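Below: one structure, written as structure tokens.
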Amino acid sequence: MNDSELALHSAQALVPSGYAEKAMASLMQLHSELMDEKERRVDLYRRLMEKEQAIAELRMYVKLLEEKLARSPPVEAVEPEPAPAERPPPRLKVAPPPLQVDTPPPRVVAAGARRRIDGWKAW
């Protein structure tokens with residue numbers, strides 16, 4: 001093959017520029033869609049790991065509470081209070097009359113006596 005035949009052969013092998021540009025644009029669009037999908041999957045995986053971590057922490061907390069409950073002494077069963085419709089009416093308690101105590105009459109302090117009281121003794 002000489003140079004003219006090689007040039008002719010290479011010219012026939014070239015792809016038209018319009019076709020190449022459309023193909024490249026299509027590849028770039030596919031690439032950007034692939035990257036978006038990858039970011040979405042990474043975000044979903046991160047959220048999944050966070051939820052699994054929260055579930056694992058809750059399971060450990062439940063296990064800890066169950067162990068604590070197993071160690072504590074048993075609690076006696078307490079009867080629940082009857083429903084409001086079943087409760088007997090409350091009993092009213094009558095207070096005894098107050099005792100009559102002879103109280104001395106109040107002291108009358110002369111006005112002059114009050115002036116002589118020191119400040120801290122006044123109250």
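Note that the coordinates shown come from a computational prediction; the quantities given were computed from them, not determined experimentally.
Within the hydrophobic cluster formed by Ile, Leu, Val, Met, Phe, Trp and Tyr side chains joined at under 4.5 Å, directly or through other members, L30 stands alone, with no partner residue. Under a 4.5 Å side-chain heavy-atom criterion applied to ILVMFWY residues, the cluster that includes M35 comprises L34 as well. When hydrophobic side chains of Ile, Leu, Val, Met, Phe, Trp and Tyr are connected at separations under 4.5 Å, M28 ends up clustered with M24. Here V62 sits alone; no ILVMFWY side chain lies under 4.5 Å from its own, so it joins no hydrophobic cluster.
Counting only residues at least two apart or on different chains, the salt bridge (charged side-chain N to carboxylate O under 4.0 Å, His left out) pairs with a member in residues 19-37 are E37-R40.
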Working for side-chain contact (heavy atoms from CB on, under 4.5 Å), residues K38 and R41: CA-CA 5 Å; K38 182 179 176 183; R41 289 185 65 193; 5.8 Å; no
For residues 50-61, tabulate all N or O donor-acceptor pairs below 3.5 Å that involve a side-chain atom, not counting sequence neighbours.
| from | atom 1 | to | atom 2 | distance (Å) |
| --- | --- | --- | --- | --- |
| E50 | OE2 | R46 | NH1 | 2.9 |
| Q53 | NE2 | E57 | OE2 | 3.1 |

